[in-house]
Structures are given as structure tokens and as C-alpha cells.
Amino acid sequence: MPYFIEFIDVYKSFGDRTILDGVSFGVEKGETFAILGPSGVGKTVMLTHVVGLLKPDKGRIIVDGQDITEMNERALADIRRKVQLVFQSGALFDSLTVAENVAFPLNDTNLGTDEIDRRVEEKLQLVEISDLAGLMPSELSTGMKRAVAIARALAAEPQAILYDEPTTMVDPLMSQTINKLIRKMQHQLGLTQMVVTHDIANCAEKVADHVALLHQGKFVFNGTMKQLYASDHPVAKEFVEEDLIRFEKEQEFA
Ligand SMILES: Nc1ncnc2c1ncn2[C@@H]1O[C@H](COP(=O)(O)OP(=O)(O)OP(=O)(O)O)[C@@H](O)[C@H]1O
Ligand SMILES: [Mg+2]
């Protein structure tokens, strides 16, 4: 399978802090690839490189067969339509309804209002939130806002979606709903996806075909979930064990 997203020996520093220290990996077309790592390790930095919001100091980034490393903003606009980034906050417009938020990326296209309305309805239905169409973001829970952000990402009819911490700060039931949505996007729409998370049991395990663990600027593990659980790399082992403890605690209080 060809890679839809590929990092080739990518380096990124801020001042004297090295965040990405020679990272290489590929995401196959149609798969869901999770990047694991603790807070502050560089997961969001990595995701923003995929759509050219940050540029590497060294190395190449390839998306859908195109080298985007030195692409100008105009060419990147096309990449950002094809590859939608869903932020942790959802980044909705507070003054617009759910339906208007989902329609927003379509407003400066040449689609007519009928076609826009049709698409918005279709995406809300796909994400199973048609009943929220008229609500304002302030009326929604964090989890619901994320579902709306996914519907808005779909409005552009992308080939890939990147999710930043999709299950953080939501209750276990809502996490399940979001995980189901992520899987549905893969199976029903054939999308290529990246999911950044610090959560194995509540997220990566439920959605990912491949997982990689970021530690001190490098991937110390890249493989299947089964291989991660069997890994004897000390950092991978510790990460898996801590996740299990957190998961068991949550179950206790659930
Ligand atoms: N534009 C920037 N300028 C300077 N430093 C930055 C910039 N963006 C990120 N950093 C730093 O890079 C490091 C990695 O940040 P990043 O947001 O990618 O972490 P993360 O793994 O996503 O963490 P979290 O799980 O908390 O979201 C942090 O120390 C952050 O302060
Ligand atoms: Mg982050």
C-alpha cells in the first residue's frame, strides 16, 4: 500500500528545545494511525506539520504523493482541504449555529445554497447529530462540540482527517461515541486518519490500525497495538502500564 502521509527524517526545534529529532513514518491510505505520547512531547507539533502550519527545520513531508515541505500557502490551501485537522477545542464559531458552523468551509466555494444545505444535512446525519443543527456551541458539551467539528471537517469532503486528542476531557460514554465515529469514517468513507492521543485504552486501542510512541523527539515504537502490548522497550512498557492503571482507576469511579 502506498503511504498517504509520510515523514522522512523530520527535525524541529524551538529555540534550543528539540521537539522532533529525526522522525520517519508513513500512514497508509485508508488506515488509522495513532501517535501516542505524554503531554508536551510534541504530538500536536507533529500533526500541524502534516498540513504545513509548521515547517520542519530539516527532512521532508509528503502528502498524497506531493512534497509539501516547501509548498507556498496557495498550494497548501488545497492540501488543507484534502486533509482536515480537527482541533482539541473543536474551534467552533460561537456566534454561529451548529449547521452554520458545518456550512462555514463551503461558503467561499462555488456551491449553491441548495447544495450547501444538502451537504450540511448529510454530514450532520453521518456524524449522527442532525438534532443539534439549530443549537449554538455554548449549548453543547465538549464531546458534542467535537462531533460538530468532525462534521465540519467532513463538509470539505476530505481524503484524510487528523484528530488532536479526540477523547480528552470527555466522559467514557462520549469517548466511546467519538471512537465509533472515527472508525465509521474509516470503514464507511475509506478515510486515512491520524489520531494524536495520550490515551491507549480509551482511544488508540479502539480506533488504530498502527500506533507509534513519541519519546524525546523520536518514535521508540511503531507497530500494531498487539505488538505494543508485547513490546519490551522500557518506555513502551511504562507507558502501557501507566495507561492501564489510569484506565482501572476510571473504571472504579465510572
Ligand atoms: N509555536 C511554538 N513555539 C515554541 N514552542 C512551541 C510551539 N509549539 C509547541 N511548542 C512547544 O513544543 C513542545 C511540544 O508541544 P506539543 O503541543 O506538540 O505537545 P503535545 O504532545 O501535543 O502535548 P499535549 O498532550 O499537552 O497536547 C511544548 O513544550 C511546547 O511548548
Ligand atoms: Mg497537544
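All of these numbers come straight from a predicted model, not from anything done at the bench.
Under a cut-off of 6.0 angstrom, the local environment of NZ in Lys180 is sparse, with at most 12 non-hydrogen atoms contributed by other residues, nucleotides or ligands. The environment of Lys82 atom NZ is dense: over 12 non-hydrogen atoms of other residues, nucleotides or ligands sit within 6.0 angstrom.
For Glu100 and Arg152, the salt-bridge test fails: no basic side-chain N is under 4.0 Å from an acidic carboxylate O. Between Arg80 and Glu73 there is a salt bridge, since a side-chain N of the basic residue sits under 4.0 Å from a carboxylate O of the acidic one. The residues Arg118 and Glu115 are annotated as salt-bridged, a charged nitrogen and a carboxylate oxygen being separated by less than 4.0 angstrom.
Residue Pro137 comes nearest to Asn101 through the heavy atom pair CG-ND2, 3.9 Å, listed as atom of the first residue, atom of the second, then distance. Across all non-hydrogen atoms, the minimal contact from Ala201 to Asp243 is N-OD2, 2.9 Å. When every heavy atom of Gly217 is checked against every heavy atom of Val23, the shortest pair comes out as O-CG2, 3.2 Å. Here the shortest heavy-atom pairing between Ala155 and Leu106 reads O-CD2, 3.4 Å. Residue Asp94 comes nearest to Met136 through the heavy atom pair O-CE, 3.4 Å, listed as atom of the first residue, atom of the second, then distance. Shortest non-hydrogen contact noted between Tyr163 and Met185 is OH-CG, 3.7 Å.
No donor-acceptor pair under 3.5 Å is formed between the side chain of Glu157 and the backbone N or O of Leu154. A distance-only check finds a donor-acceptor pair linking the side chain of Thr48 to the backbone of Thr44 [under 3.5 Å]. Remark: the backbone N or O of Ile8 is not paired with any side-chain donor or acceptor of Ser24 at under 3.5 angstrom. Checked by atom type and distance alone, the side chain of Asp67 never pairs as donor or acceptor with a backbone atom of Arg60 at under 3.5 Å. Between the Lys29 side chain and the Gly190 main chain, no donor and acceptor come within less than 3.5 Å of each other. Under the 3.5 Å distance criterion, the side-chain polar atoms of Lys145 are left unmatched by any main-chain donor or acceptor of Ser138.
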Exercise for the section: Evaluate side chain to side chain contact (heavy atoms under 4.5 Å, CB included) for Phe4 paired with Val83, printing each intermediate quantity in order. Expected result: CA-CA 10 Å; Phe4 189 80; Val83 180; 4.0 Å; yes
Handout entry: Residues Val170, Ser141; criterion side chain to side chain contact (heavy atoms under 4.5 Å, CB included); working and verdict
Key = CA-CA 9 Å; Val170 300; Ser141 69; over 6 Å; no
Exercise for the section: Apply side chain to side chain contact (heavy atoms under 4.5 Å, CB included) to the pair His233 and Glu238, showing each step before the final yes or no. Expected result: CA-CA 9 Å; His233 190 289; Glu238 192 187 333; over 6 Å; no
Handout entry: Stepwise side chain to side chain contact (heavy atoms under 4.5 Å, CB included) test for Leu36 and Leu228
Key = CA-CA 11 Å; Leu36 291 167; Leu228 176 67; 3.8 Å; yes
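Residues Gln193 and Leu162 form no side-chain contact, since every pair of their non-hydrogen atoms from C-beta on lies 4.5 Å or further apart. Contact annotation: the side chain of Leu76 approaches that of Ile68 to within less than 4.5 Å [non-hydrogen atoms, C-beta and beyond]. Proximity of Val10 to Lys58: side-chain heavy atoms (C-beta onward) are nowhere separated by under 4.5 Å. Using a 4.5 Å heavy-atom threshold, the side chains of Phe247 and Ile200 count as separate. Put simply, the side chain of Val98 does not reach to within 4.5 Å of the side chain of Glu139, judged on heavy atoms. You'll find the side chain of Met46 reaches within 4.5 Å of the side chain of Phe7, heavy atoms only. Contact of the Val195 side chain with the Pro166 side chain is registered, since non-hydrogen atoms from C-beta on lie closer than 4.5 Å. Looking at Ile116 and Asn107, their side chains come closer than 4.5 Å, going by heavy atoms from C-beta outward.
Clustering ILVMFWY residues whenever any of their side-chain heavy atoms sit less than 4.5 angstrom apart, transitively, puts Val50 in the very cluster that holds Val45. Connection of Tyr11 to Phe25 is not established within any shared hydrophobic cluster, with ILVMFWY side chains joined at heavy-atom distances below 4.5 Å, either directly or through further cluster members. Two different hydrophobic clusters hold Met225 and Val196 under the rule that ILVMFWY side chains link at heavy-atom gaps under 4.5 Å. In this structure, Val27 is a member of the same hydrophobic cluster as Leu53, with clusters built from ILVMFWY side-chain heavy atoms closer than 4.5 Å. Tracing side-chain contacts under 4.5 Å through hydrophobic residues (I, L, V, M, F, W, Y), one never reaches Leu214 starting from Val220; they form parts of separate clusters.
The side chain to side chain contact (heavy atoms under 4.5 Å, CB included) test with Glu31 singles out one residue from Ile5, Asp209, Leu191, and that residue is Asp209. When the options Asp164, Ile35, Leu85, Thr32 are evaluated for a side chain to side chain contact (heavy atoms under 4.5 Å, CB included) with Met194, the one that passes is Ile35.
Here the CD1-OG1 distance, from Ile182 to Thr167, works out to 7.5 Å after rounding to the nearest 0.5 Å. Interatomic distance, CG of Asn179 versus CD of Glu205, reported as 10.0 Å (0.5 Å rounding). If you take CE on Met174 and CZ on Arg146, they are separated by 8.5 Å, rounding to the nearest 0.5 Å. With rounding to the nearest 0.5 Å, the separation of CD1 in Ile61 from CD in Glu6 is 11.0 Å. Between atom CG of residue Asp108 and atom CG of residue Leu111 there is a gap of 10.0 Å, rounded to the nearest 0.5 Å. Here Asp21 contributes atom CG and Ile19 contributes atom CD1; the two are 10.0 Å apart, rounded to the nearest 0.5 Å.
With hydrogens and angles left out, the side-chain atoms of Asp199 and Thr197 include no donor and acceptor closer than 3.5 Å.
Relative orientation of the Phe33 and Phe219 rings is tilted, given thresholds of 30° and 60° on the angle between their planes.
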